[in-house]
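All values below come from the heavy atoms of this structure, side chains included, with hydrogens, waters and symmetry mates left out. Residue numbers begin at 1 in each chain, while the letters A, B, ... track the order of the sequences.
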Amino acid sequence: MTTSQTANTVIVLDFETTGLSPNQGDRAIEIGAVLIEQGEVVDRFQQLMNPGFRVSSFIERYTGITNNMLRTAPPCDEVMDQFADFIGDHNLVAHNASFDQRFLEAELDNIQRNYGGEFACSMLIARRLYPHAPNHKLGSLVEYKNIDNDGVFHRALADSEVTAKLWLLMLEDMDKRYQLSSPSFSLMQEVSRKAKAAVPGFLQRQAKC
DNA sequence: TGCCAGGCCCTCTTTAGGGCCTT
């Protein structure tokens, strides 16, 4: 895939997992993702996957994904192979991206595949843009910004959908606040990397360019 | 119910500690 093919696209993804750390043996149990092209969702991916062991009752309650649902799901390797094809080299976004990035890399490593694109974190950007939000959990930001949703949280596709809406809203707010014409993925990624105090000055310098 | 790990970021910091966020 060429740079020009991915320049105006981004994939927003979310994993549901058996726990917090692939280094501790945790595995993905669901992946959801939406492809945004020119500000519109144009494709979706959602799939449960069987991690090969029973998930805890906490995860069943937290996600609503039960062991019975996972019993008939295809194995992680099969799903992740399909998902690797879906993401290609698109730039990726996730809420608290370091978490999803760890699981993506671990699951792709299991099938000897890798991801060669870039990640940006909607949570870090939201902390810069909305410092007065009650907190920066995904559900809280959805409520704080009045983002349309179906009331489903902690399921992969539902969380991806609202994270995508948050992402697009943050692009609009960057436009309005700093008069940046169509902030690029790389600019948003730069914002997510910069310390909170450095962001206003950085964006104002960008606006003058 | 919320812990686990890991990265980011703030501050009563920098020779460190602890909160936030993800499942």
Side-chain angles (χ1 to χ4, degrees), chain A residues 11-34 45-70 73 76 79-80 83 87 92-110 115 118-145 147 149 152-167 170 187-203:
Chain A
I11 285 178
V12 183
L13 65 87
D14 182 65
F15 277 104
E16 303 305 319
T17 70
T18 64
L20 293 172
S21 174
N23 289 338
Q24 299 293 310
D26 290 316
R27 299 293 303 270
I29 57 173
E30 187 181 42
I31 179 66
V34 298
F45 187 102
Q46 181 183 30
Q47 184 63 59
L48 289 169
M49 56 188 116
N50 188 332
F53 54 89
R54 292 179 63 81
V55 302
S56 68
S57 57
F58 170 74
I59 292 297
E60 285 190 312
R61 286 194 302 273
Y62 187 80
T63 64
I65 299 170
T66 65
N67 282 293
N68 197 41
M69 293 162 68
L70 295 174
C76 294
V79 173
M80 290 306 300
F83 188 62
I87 60 176
L92 302 180
V93 170
H95 200 69
N96 197 14
S98 64
F99 174 85
D100 293 277
Q101 188 169 14
R102 281 198 301 276
F103 276 95
L104 178 67
E105 289 174 352
E107 293 293 350
L108 291 183
D109 193 51
N110 286 337
Y115 167 67
E118 299 289 332
F119 245 107
C121 178
S122 58
M123 183 191 74
L124 293 178
I125 297 170
R127 282 180 176 171
R128 322 295 194 226
L129 279 181
Y130 312 128
H132 302 301
N135 59 60
H136 299 88
K137 295 177 183 176
L138 181 59
S140 300
L141 288 166
V142 165
E143 185 174 352
Y144 180 70
K145 298 301 294 181
I147 292 171
N149 68 91
V152 176
F153 289 96
H154 305 306
R155 288 299 300 268
L157 184 60
D159 282 2
S160 297
E161 298 267 11
V162 292
T163 302
K165 291 175 182 175
L166 173 64
W167 175 261
M170 291 194 298
L187 175 66
M188 295 294 273
Q189 192 182 35
E190 189 77 8
V191 170
S192 77
R193 285 174 175 160
K194 285 188 176 293
K196 189 176 181 177
V199 169
F202 167 76
L203 287 171

Could you check whether [X] gets within reach of a base, just the sugar-phosphate, or nothing at all, counting any heavy atom under 4.0 Å?
X: A:Ile29; result: nothing
X: A:Asp100; result: nothing
X: A:Thr63; result: sugar-phosphate
X: A:Asp14; result: sugar-phosphate
X: A:Ser57; result: nothing

Look only at the side chain of [X] and the backbone of [Y], and say whether a donor-acceptor pair between them is shorter than 3.5 Å.
X: A:Ser140; Y: A:His136; answer: no
X: A:Thr163; Y: A:Ala94; answer: no
X: A:Gln47; Y: A:Ile31; answer: no
X: A:Ser160; Y: A:Val34; answer: no

Check the distance between [N]'s [atom2] and [X]'s [atom1] and give it to me in whole angstrom.
X: A:His95; N: B:dC21; atom1: NE2; atom2: P; answer: 7 Å
X: A:Asn67; N: B:dT23; atom1: CG; atom2: P; answer: 18 Å
X: A:Tyr62; N: B:dT22; atom1: OH; atom2: P; answer: 6 Å
X: A:Leu20; N: B:dG7; atom1: CG; atom2: P; answer: 13 Å
X: A:Leu141; N: B:dC21; atom1: CG; atom2: C1'; answer: 11 Å
X: A:Phe99; N: B:dG6; atom1: CZ; atom2: P; answer: 12 Å
X: A:Leu104; N: B:dA5; atom1: CG; atom2: P; answer: 22 Å
X: A:Arg127; N: B:dT22; atom1: CZ; atom2: P; answer: 9 Å

In whole Å, what separates the [atom1] atom of [N] from that of [M]?
N: B:dC4; M: B:dG19; atom1: P; result: 12 Å
N: B:dG17; M: B:dT23; atom1: P; result: 29 Å
N: B:dC8; M: B:dT13; atom1: C1'; result: 15 Å
N: B:dG18; M: B:dC12; atom1: P; result: 15 Å

Out of [options], whichever nucleotide has its closest atom nearest the side chain of [X]:
X: A:Phe58; options: B:dG7, B:dC21, B:dG2; result: B:dG2
X: A:Asn23; options: B:dC20, B:dT22, B:dG6; result: B:dG6
X: A:Asn96; options: B:dT23, B:dT22, B:dA5; result: B:dT22
X: A:Leu124; options: B:dC21, B:dG6, B:dC8; result: B:dC8

Exercise. Report the relative orientation of the aromatic rings in A:Phe99 and A:Phe103; use parallel for angles under 30°, tilted for 30 to 60°, perpendicular for over 60°.
Key: tilted

Quiz item: Taking all atoms of both residues into account, what is the closest heavy-atom pair of A:Pro22 and A:Arg102, and its distance?
Solution: CG-O, 3.9 Å

Quiz item: For A:Lys165, does the NZ atom have more than 12 heavy-atom neighbours from other residues, nucleotides or ligands under 6.0 Å away?
Solution: yes

Self-check item: side chain to side chain donor-acceptor pair (under 3.5 Å) between A:Asp26 and A:Thr17, worked out
Solution: CA-CA 7 Å; A:Asp26 290 316; A:Thr17 70; over 6 Å; no

Taking only N/O atoms, report every protein-nucleotides 12-14 of chain B pair under 3.5 Å with atom names and distance.
none

Quiz item: Does OP1 or OP2 of B:dC21 have a side-chain N or O of A:His136 closer than 4.0 Å?
Solution: yes

Quiz item: Considering heavy-atom distances to DNA chain B, does A:Thr17 or A:Arg102 have its closest nucleotide positioned more toward the 5' end?
Solution: A:Arg102

